[in-house]
Every structure is written in structure tokens, then in C-alpha cells.
A.B. asks: 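Please see the structure below; I have some questions.
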Amino acid sequence: MKRTDFWIKTSKTEQSAAEEPSKNARLLTRAGYVNRQMAGVYAYLPIGLRVLEKIKNIVRREMNAVGGAELVMSSLQPREVWQTTGRWDDEVVDVWFKTKLKDETEVGLAWSHEEAILQTVGRELTSYRDLPVSVYQFQTKLRNELRAKSGIMRGREFVMKDMYSMHTSEQDLADYYEKVKQAYGRVFEQLGLGQDTFVTFASGGAFTKFSHEYQTICDAGEDWLYLDRARNIAVNEEVLDDAVAELGLDKSKLEKVRSAEVGNIFNFGDAKARDMGVEFMGEDGQKHPLYLGSYGIGITRVMGVLAEKFSDERGLVWPAAVAPFQVYLVGIGEAGERQANELYTKFIQAGIEVLWDDRDARVGEKLADADLLGIPYRVVVSDKTLGQGKIELKSRTGEPELVAPDELLTFFASLL
Ligand code: ATP
Ligand code: MG
């Protein structure tokens, strides 16, 4: 894209902590990725959307690989569906936004979709031959969260990937659950969070005692994690004593760190289908409630965690896999601008994601933006280096080096 075609609004100064308490939101706002509409509600601007789409595509590939079929459920939810499990009740679920239709019918704004999926997909699976089925979506969830001080890490409106799998048996669900666990591992690896993300023992398993959360070490997180690094076991604070007893951990040796829940997976057993009366005809000719697994990833929260973890005093430092562009291209001087234009065309033809700063602006401003936006590589074409037949290449965190133009193309093509 050319910067003059692709609207980005960066800012020279950062908001104060009073204006915006969260680092990720201050940074992402300054760099023009998001715009705060109200507390806990952010718009994703063009360059921000590119990052979200990158994250979604990494997740999408892995969910497809475990046989998930993508759909999109509705945001408006009928009350009746949620009454079947008692989760319409505000005492049970305290994050509901509810509203009324013109005829006074009460409806809810979706904060999750377990019930809706069982109603929509589960009820169609009438025979054991129809199962297993796994469906997932990227959907904007609405939650009336009490506190929204963590920027995009805790939104009142946020994008979640939620997948639901339905099975004929406990064992089939358990096997699939393991497959998804592997897929999640690959997702966080690709997102550049593999090192710092732990599958943790959390409370609230409906079927087994524990559920599993994916927690990423992050100072801005809202959770505490207890790590036994040697055994590679991580436990959430809320189940610590239980887990220590059950897993035979030495409590005094556990390392306590701040973390953010970036995903979770949940085995509902057949409890939810039982509550809702969602049954299939088994091979035995009898009706049985189906088994449900639910698997979430906080897409916008992941983006917030990445911004928190990967930045320096000059701005963002995106891992290449989620960066909105791979190259930020700047031309200096008349010949430099002309060469930058030619290089831009070559990059585009080679399928390299390039943002060419073709604005009529000071060079210093362009270079500062390249850093602020956190693009992995910066290419500067100037009269000066062209005289030596070279172009300047610099990685976001490295030193500039001079390379020949065709070397440059080969280098970027090798990253594809
Ligand atoms: P939390 O304990 O952080 O409130 P949760 O247990 O309510 O999370 P789920 O309902 O299981 O979370 O949602 C699945 C995933 O969606 C979470 O693991 C998290 O990554 C993300 N998520 C949950 N609430 C929010 C929110 N308010 N803003 C952004 N992401 C969220
Ligand atoms: Mg919550």
C-alpha cells in the first residue's frame, strides 16, 4: 500500500495515564491501530485490522486443520435459549447486556455461544452417524464488564474465536480435546508467544476437576500464575492448593508471575446437552445427550498482549507473523523517490507486504513512523547510497546495512 492511499493517523505524543490507563491502548492509539470510543470499547482502524486479520488467520488455519467448520452466530440472542440452562439469570451471568424489541420481547447481546450452538447445530445432530461435529467462529462478544482498565485486553466489546465440538462419547471428546490442545500450542508458537504461554490448571471443569487455560506471562495481565518450571507445570492462583495436593507440587518452589488469559478450553461432558435436552440416537437405539467441548481464544486480547510485550521506547515491535506489513519503504531525494517507486512495484509483484511512505513529509517523520508502527523491516532508498549501487535495509531492532537491490528482493521473497 501507499501511505497516501492507506489512511493511518499516528500521533507524536502519547496520551497520559489519566486519559488512558493501559499501556497497550496508549501505544496502539498513538500508532493509529485503535481508537477508543468509550471505556472498554475500541474501533480497529485500517492498520489495526490488518494485525487482527493476521492473528485470525493463524488461528483459522489451525482450527480448520482439526476439522473445524467456520460459521458466524448472531449477536442478538433469544432469551429462551439461555433460560434452558439458567444462564439468562443476571445472578448467574453478570455480564449480560440485555435489550428489548419494539414489542417488548427481551433479547440478549451475545457474551458467549454454547447454548446457541447446541440449539442451532446440536439439535440437528440426531443420529450418532452425524457426529462428531466441530464448528467455530470469530465473533464480537459483548460483555458488561465491571472494570475496563486494561485497554484492548479487557473490552466490553471484543473479538473472540470460539469453537465448539460435539461428540457421541466421553472418550471421543477427550481425544478431540487433546487435538485442540496441540493446535493451540501451534497457534501461540506462531504468534510469537510460545515461550511465555502455559497451559494451566484452572478451576471450573465440569467433567474433570480442572479446566485448562492458556496464560501468557505479561505484567499487564490480571491473573497470577504459579510455575514449576522444571516440571513445566503452571497453576492458576484460584486452584493453587487443590493443584498442589493433586499434582504433588512443592508450593515453596513455585514461581509467581503476572499473566493474561489468552485462551481456554473446557470440557462440559454431557451436562449442557442434558440441561437443554439435546439428544442423538445412539447405535444402541437409545437417546443420549451429546458431549460438548468449548475452546476460546481472545483475539483482541492477544493483540493487546503482543503490544504490551513487544515494544520499546520508539514504539511497537510486532513479531513478523502478525505485523501489518513486512517492509516500510522510504525514498530520500529525487532519485531515491524514483527508485522507491520502482522498488515498490517490484515488492508488490513479488507479493511482499510493503507500506511505502510516499507522503510529502520530512524524512525524520517517516523514519519515526516506521519505528512507531513496529514494521519488522525498513528500507531506505537515497541518492547517497544509490551512488554506491546500494539500498539501506534495517530490521526494527537491528542496525542498518547496505545491500544490492536484487539481494533485497531475494531476501524478502525468502521470508514469504
Ligand atoms: P476472564 O477471566 O479474563 O474474564 P473469561 O473466563 O471470562 O476470561 P471466556 O469467557 O472463557 O473468558 O472467553 C474466552 C477468551 O476470551 C478468554 O480466554 C480471553 O482470552 C478472552 N476474553 C474474555 N473476556 C474478555 C474481555 N472482556 N476482553 C477481551 N478478551 C476477553
Ligand atoms: Mg470474564
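Counting starts at 1 for both ligands and their atoms, in listed order. Along the sequence shown, residues are numbered consecutively beginning with 1.
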A.B. asks: For atom 8 (O) of ligand 1, which of Glu261, Glu222, Met303 has the closest heavy atom?
C.D. replies: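 Among Glu261, Glu222, Met303, the closest heavy atom to atom 8 (O) of ligand 1 comes from Glu261.
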A.B. asks: Considering only the protein, which heavy-atom contact is closest to atom 1 (P) of ligand 1, and what is its distance?
C.D. replies: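 Result for atom 1 (P) of ligand 1: Arg154 NH2, 3.4 Å.
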A.B. asks: Could you tell me if the side chain of Asp270 sits less than 4.5 Å from the side chain of His288, heavy atoms only?
C.D. replies: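 No - every pair of side-chain heavy atoms lies 4.5 Å or more apart.
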A.B. asks: Check Arg26, Lys23, Arg314 against Glu14 for a salt bridge (charged side-chain N to carboxylate O under 4.0 Å, His left out) and give me the one that passes.
C.D. replies: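 Single salt bridge (charged side-chain N to carboxylate O under 4.0 Å, His left out) partner of Glu14 among Arg26, Lys23, Arg314: Arg26.
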A.B. asks: Where does the angle between the aromatic ring planes of Phe268 and Phe266 fall among parallel (under 30°), tilted (30 to 60°) and perpendicular (over 60°)?
C.D. replies: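 Ring orientation, 0 to 90° scale: tilted.
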A.B. asks: Which residue supplies the protein heavy atom nearest to atom 21 (C) of ligand 1, what is that atom called, and how far is it?
C.D. replies: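 Here the nearest protein heavy atom works out to Gly298 CA, 3.6 Å.
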A.B. asks: For Ser112, state whether at least one heavy atom is located under 4.0 Å from any atom of ligand 1.
C.D. replies: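 No; Ser112 lies far enough from ligand 1 that no heavy-atom distance drops under 4.0 Å.
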A.B. asks: Please indicate whether any nitrogen or oxygen in Met160 is less than 3.5 Å from any nitrogen or oxygen in ligand 1.
C.D. replies: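 N/O-N/O distance below 3.5 Å does not exist for this pair.
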A.B. asks: When you measure from atom 30 (N) of ligand 1 to every protein heavy atom, which one gives the shortest distance, and what is it?
C.D. replies: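 I find the closest protein heavy atom is Phe158 CD1, 3.3 Å.
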A.B. asks: What class does the angle between the rings of Phe325 and Phe6 fall in, given that below 30° is parallel, 30 to 60° is tilted and above 60° is perpendicular?
C.D. replies: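 Phe325 vs Phe6 ring planes: perpendicular.
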A.B. asks: Report the nearest protein non-hydrogen atom to atom 28 (N) of ligand 1: residue, atom name, distance rounded to 0.1 Å.
C.D. replies: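 Looking only at protein heavy atoms, the one closest to atom 28 (N) of ligand 1 is Gly155 N, 2.8 Å.
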A.B. asks: Can you list the ligand 1 atoms lying under 4.0 Å from a non-hydrogen atom of Gly263?
C.D. replies: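 Near Gly263, the atoms of ligand 1 are 18 (O), 20 (O).
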A.B. asks: Checking a contact table here: which protein heavy atom is nearest atom 11 (O) of ligand 1, and how many Å away?
C.D. replies: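 Checked against all protein heavy atoms, atom 11 (O) of ligand 1 sits closest to Asn264 ND2, 2.5 Å.
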A.B. asks: Just wondering, more than 12 heavy atoms not from Lys98 lying within 6.0 Å of its NZ?
C.D. replies: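 Yes, NZ of Lys98 has more than 12 neighbouring heavy atoms, counting only those of other groups under 6.0 Å.
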A.B. asks: Indicate whether any N or O donor in one side chain lies under 3.5 Å from an N or O acceptor in the other, for Gln215 and Thr197.
C.D. replies: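 There is no such pair between these side chains.
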A.B. asks: Step by step, would you call Trp96 with Trp82 a side-chain contact (heavy atoms from CB on, under 4.5 Å)?
C.D. replies: CA-CA 11 Å; Trp96 270 119; Trp82 291 85; 3.7 Å; yes
A.B. asks: Within a distance under 4.0 Å of any heavy atom of Glu145, pick out the atoms of ligand 1 and give their elements.
C.D. replies: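 In order of numbering, the contacting atoms are 24 (N), 26 (C), 27 (N).
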A.B. asks: Ignoring hydrogens and angles, state whether a donor on the side chain of Tyr44 or Arg50 is under 3.5 Å from an acceptor on the partner side chain.
C.D. replies: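 Note: Tyr44 and Arg50 side chains miss the donor-acceptor criterion.
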A.B. asks: Under 3.5 Å, is there a donor on one side chain and an acceptor on the other for Arg60 and Asn57?
C.D. replies: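 Yes, side-chain donor-acceptor contact under 3.5 Å.
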A.B. asks: Taking only non-hydrogen atoms of Met153, do any sit less than 4.0 angstrom from ligand 1?
C.D. replies: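 Checking ligand 1 against Met153, which is what was asked, there is a heavy-atom contact under 4.0 Å.
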A.B. asks: Which of these, Glu114, Arg143, Gln215, Arg147, has its nearest heavy atom closest to atom 23 (C) of ligand 1?
C.D. replies: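 The residue whose heavy atom sits nearest atom 23 (C) of ligand 1 is Arg143.
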A.B. asks: Could you tell me whether Val262 and ligand 1 have an N or O pair separated by under 3.5 Å?
C.D. replies: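 Yes; at least one N/O pair falls below 3.5 Å.
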